[in-house]
Amino acid sequence: MIPKDVFQKVRRIQITTSRMVTDVFAGQYHSVFKGRGMEFDEVREYQPGDDIRSIDWNVTARTGRPHIKKYVEERELSVMILVDASASCQFATVNQLKSRLAAEIASLLAFSAIRNNDKVGLVIFTDRVEKYLPARKGLKNVLRVVREVLYFQPRRPGTDITEALEFLSKVTTRRCVVFVISDFLEPPAPKSELVTASVDTTSLRTALSIADRRHDVIAVTLTDPREKDLPDCGLITIEDAETGEQAVVDTSEKRVREIYRQEASSRLQRRNRLFASVGVDHIELTTDAPYLNEMVKFFLKRRRRLRHAS
C-alpha cells in the first residue's frame with residue numbers, strides 16, 4: 001500500500017507533467033523520437049515493380065513462386081531513463097534539489113512516452129546500478145517510474161555513469177531512446193580542493209560512444225549555481241558529498257573565487273566537448289531556472305535538424 005503523502009506527491013507531479021505534455025509537447029515528442037527503423041510485417045507474392053532485393057528466397061523456393069518480404073515503419077519505441085542518485089545530486093542552494101529536478105524531468109519524459117504509446121523503463125544508479133525497471137507500457141508503469149525516482153533511497157554515495165551504460169547494453173536487445181539524467185560529476189583522484197572534478201572522460205567517452213551507436217542517447221545535465229560560482233561570504237567549509245572530503249575556503253578573497261570560477265568553467269567546457277566528441281545531444285538544466293524552456297528548445301532544435309537531414 002502506498003502511503004498517502006507519497007501518493008499525493010506522485011499525483012501532483014502527474015498532474016503537472018501531464019499538463020505540460022498536453023500543452024507544450026503535443027506532437028513534438030513524436031516528431032523527434034518516432035520510430036526510425038523498419039520491422040518485418042508479412043511475406044507476399046512478388047508483383048511487377050517490387051524491389052528484387054526484398055525477395056524471400058526460402059519462401060520462393062518452397063512455393064515455386066517469387067515472394068517478397070514486406071516491412072513497415074517501426075512505430076513503437078522503448079524509452080530508457082537513467083537517473084543519477086548519487087550524493088552529489090542531493091544538493092541545491094536555490095529552488096530545489098538536483099534530485100527533485102531529475103524526478104520532474106523523468107516524469108515529463110515518461111508521460112510524453114506513454115502519450116505516444118511507447119514503453120518506458122528506468123535505471124537508477126550510483127557507482128553501481130541500484131534499481132532497474134524494464135521498459136513497459138501503461139500509466140501504472142509510468143507512475144511506478146515516478147514513484148521510484150522521487151523516493152528511492154540509494155545505498156551508495158558515488159557515481160559511475162559508465163557502469164550504468166554498460167548495464168543498459170546487457171539488458172536491452174532493441175534500439176532505445178536513452179536519457180541520462182545526471183550532474184555528470186565523479187570524484188577522480190587527484191582532484192581540486194575547490195571544485196569537484198568532472199567525470200573520467202576516457203571511460204565515459206568510450207561508454208557513451210558505444211551506447212550511442214546502438215541507441216539514441218541524450219544527456220540531461222543538472223547544475224546548481226554554486227557549482228559555477230562562489231559568493232563572497234567569508235570562511236566556508238566545502239564538502240564533497242560523495243567522498244566526505246572537506247576543505248575550508250576563504251571566499252572573501254577575490255583570487256579564491258576567481259580560481260573556483262575558472263575551474264568550474266573548465267569542467268563544464270570539458271563536459272560539453274565530451275558530448276560533442278561522441279555526437280550525443282545535450283540538454284543543460286540548472287536548479288535556479290525553469291526547465292520547460294530548455295526542454296522545448298531541445299525538441300525544436302532537434303526537429304529542425306531532422307528536417308534538414310531528410
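As the structure is a prediction and not an experimental result, all values here were calculated from the model. As a basis for the values below, the full set of heavy atoms in this structure was taken, side chains included, without hydrogen atoms, waters or symmetry mates. Throughout, residue positions are numbered sequentially from 1 according to the sequence presented.
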Visitor: Grab the two heavy atoms, one from Val280 and one from Ala219, that are nearest each other, plus how far apart they are.
Guide: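 Shortest heavy-atom contact: CG1-N, 3.8 Å.
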Visitor: Checking one residue: Leu235. Which other hydrophobic residues are in its cluster under the side-chain 4.5 Å linking rule?
Guide: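 Once heavy-atom contacts under 4.5 Å are chained together, Leu235 belongs with Val248.
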Visitor: What I want to check is whether the side chains of Ser266 and Gln262 have a donor and an acceptor closer together than 3.5 Å.
Guide: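 No, no side-chain donor-acceptor pair sits under 3.5 Å.
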Visitor: Between Arg261 and Glu258, does at least one N-O distance fall below 4.0 Å, as a salt bridge requires?
Guide: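 Yes, charged N to carboxylate O under 4.0 Å.
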Visitor: Indicate yes or no for a side-chain donor-acceptor contact from Asp224 to the backbone of Arg226 under 3.5 Å, with no hydrogens or angles considered.
Guide: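 Yes: the side chain of Asp224 pairs with the backbone of Arg226.
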Visitor: Listed by chain and number, what are the side-chain hydrogen bond (donor to acceptor under 3.5 Å, both in side chains) partners of Asp127, not counting sequence neighbours?
Guide: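 Scan of Asp127 (side-chain hydrogen bond (donor to acceptor under 3.5 Å, both in side chains), adjacent residues dropped) gives Arg156.
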Visitor: Measure the shortest side-chain to side-chain distance between Lys297 and Leu300 over non-hydrogen atoms and say whether it is less than 4.5 angstrom.
Guide: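 Side-chain contact under 4.5 Å: no.
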Visitor: What class does the angle between the rings of Phe184 and Phe275 fall in, given that below 30° is parallel, 30 to 60° is tilted and above 60° is perpendicular?
Guide: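 Geometry flag for Phe275 against Phe184: perpendicular rings.
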Visitor: Before giving the answer on side chain to side chain contact (heavy atoms under 4.5 Å, CB included), spell out for Leu108 and Tyr291 the whole-Å C-alpha distance, their side-chain angles and the decisive distance to 0.1 Å.
Guide: CA-CA 11 Å; Leu108 180 64; Tyr291 60 80; 4.1 Å; yes
Visitor: Do the charged groups of Arg100 and Glu104 touch, with an N to O distance under 4.0 Å?
Guide: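 Yes, Arg100 and Glu104 are salt-bridged.
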Visitor: Side chains of Ser78 and Thr172, heavy atoms from C-beta outward: is any pair under 4.5 Å?
Guide: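 The answer is no; the side chains never approach within 4.5 Å.
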Visitor: Applying a strict under-4.5 Å side-chain criterion to I, L, V, M, F, W and Y, I'd like to know whether Phe111 and Tyr151 cluster together.
Guide: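 Both belong to a single hydrophobic cluster.
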Visitor: Using every non-hydrogen atom in the two residues, find where Ser86 and Gly158 come nearest and quote the distance to one decimal.
Guide: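 Reported closest heavy-atom pair: CB-O, 3.1 Å.
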Visitor: Can you tell me which residue among Leu222, Thr223, Thr221 is in a side-chain contact (heavy atoms from CB on, under 4.5 Å) with Lys98?
Guide: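 Output: one option passes, namely Leu222.
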Visitor: Using a cut-off of 6.0 Å, state whether more than 12 heavy atoms not belonging to Arg44 lie near its atom CZ.
Guide: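 Correct, the count exceeds 12.
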Visitor: To the closest 0.5 Å, what do you measure between CZ (Arg273) and CD (Gln269)?
Guide: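 Taking CZ in Arg273 and CD in Gln269, the distance rounds to 6.0 Å.
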Visitor: Kindly compute the distance separating CG (Leu168) from CD1 (Ile210), expressed to the nearest 0.5 Å.
Guide: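 Between Leu168 CG and Ile210 CD1, I get 12.0 Å after rounding to 0.5 Å.
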Visitor: Applying a strict under-4.5 Å side-chain criterion to I, L, V, M, F, W and Y, I'd like to know whether Ile181 and Leu97 cluster together.
Guide: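 Different clusters.
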Visitor: Closest approach of Met80 and Ala135, non-hydrogen atoms and distance?
Guide: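 That would be SD-CB, 4.0 Å.
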Visitor: Could you see if Val94 belongs to whatever hydrophobic cluster contains Ile238? Use Ile, Leu, Val, Met, Phe, Trp, Tyr and a side-chain cutoff under 4.5 Å.
Guide: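 Each belongs to a different hydrophobic cluster.
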Visitor: Do Arg214 and Ser169 have side chains that approach each other closer than 4.5 Å (heavy atoms only, starting at C-beta)?
Guide: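 Arg214 vs Ser169: side chains touch.
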Visitor: Check the hydrophobic clustering (I, L, V, M, F, W, Y; side-chain heavy atoms under 4.5 Å; chains of links allowed) and say if Leu82 and Phe167 are grouped together.
Guide: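 Yes, it is one cluster - the side chains of Leu82 and Phe167 are joined through contacts under 4.5 Å.
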Visitor: How long is the span from the OG1 atom in Thr251 to the OH atom in Tyr260, to the nearest 0.5 Å?
Guide: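 So the OG1 of Thr251 and the OH of Tyr260 are separated by 11.0 Å.
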Visitor: Determine the minimum heavy-atom distance between Ala110 and Val120, stating which atoms define it.
Guide: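 Where Ala110 meets Val120 most closely, the heavy atoms are O-CG2, 3.8 Å.
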Visitor: Quick check: does any side chain N or O of His215 sit under 3.5 Å from a backbone N or O of Cys176, one acting as donor and the other as acceptor?
Guide: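 Side chain of His215 to backbone of Cys176: a pair is present.
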Visitor: Consider only side-chain N and O atoms of Glu130 and Thr126, and report whether a donor and an acceptor are under 3.5 Å apart.
Guide: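 The answer is yes; a qualifying pair exists.
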Visitor: I need the minimum non-hydrogen distance between Val79 and Ala113, along with the two atoms involved.
Guide: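 Heavy atoms of Val79 and Ala113 come nearest at CG2-CB, 4.0 Å.
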Visitor: Applying side chain to side chain contact (heavy atoms under 4.5 Å, CB included), run through Asp160 and Phe125 and close with a yes or a no.
Guide: CA-CA 8 Å; Asp160 192 338; Phe125 67 93; over 6 Å; no
Visitor: Are Ile105 and Met295 side-chain neighbours, meaning at least one heavy-atom pair lies under 4.5 Å?
Guide: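 When only atoms from C-beta onward are counted, Met295 and Ile105 do touch, with a gap below 4.5 Å.
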Visitor: Would you say Lys119 and Pro134 make side-chain contact, with heavy atoms under 4.5 Å?
Guide: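 They are not in contact (no side-chain heavy atoms under 4.5 Å apart), so the answer is no.
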Visitor: How many angstroms lie between atom OG1 of Thr60 and atom NE2 of His67, to the nearest 0.5 angstrom?
Guide: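 Output value for this atom pair is 7.0 Å.
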Visitor: Between atom OG of Ser107 and atom CG of Leu150, what is the distance when rounded to the nearest 0.5 Å?
Guide: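 These two atoms lie 6.0 Å from each other.
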Visitor: To the closest 0.5 Å, what do you measure between OG1 (Thr159) and CG (Leu204)?
Guide: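 Taking OG1 in Thr159 and CG in Leu204, the distance rounds to 11.5 Å.
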Visitor: Give the C-alpha distance, both sets of side-chain angles, the deciding distance and a yes or no for side chain to side chain contact (heavy atoms under 4.5 Å, CB included) between Leu230 and Ile236.
Guide: CA-CA 10 Å; Leu230 280 178; Ile236 62 171; 4.1 Å; yes
Visitor: Closer than 3.5 angstrom, by distance alone: can the side chain of Asn141 be matched with the main-chain N or O of Gly138 as a donor-acceptor pair?
Guide: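 No, the answer is negative, given that no donor and acceptor are paired below the 3.5 Å cut-off.
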Visitor: Please say yes or no: joined through hydrophobic side-chain contacts below 4.5 Å, possibly via intermediate residues, are Tyr132 and Val217 part of one cluster?
Guide: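 Same cluster.
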Visitor: Identify the two heavy atoms, one from Ala207 and one from Thr162, that lie closest to each other, and give their separation to 0.1 Å.
Guide: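 For Ala207 and Thr162, the tightest heavy-atom pair comes out as CB-CG2, 3.7 Å.
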Visitor: Any side-chain heavy atom of Ile259 within less than 4.5 Å of one from Arg255?
Guide: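 Result yes, sub-4.5 Å side-chain heavy-atom pair found.
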Visitor: Determine whether the side chains of Ser277 and Arg205 contain a donor N or O and an acceptor N or O closer than 3.5 Å.
Guide: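 Judged by distance alone, the side chains do pair up.
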Visitor: Run the side chain to side chain contact (heavy atoms under 4.5 Å, CB included) check on Phe152 and Val83 step by step: do they pass?
Guide: CA-CA 11 Å; Phe152 184 79; Val83 178; over 6 Å; no
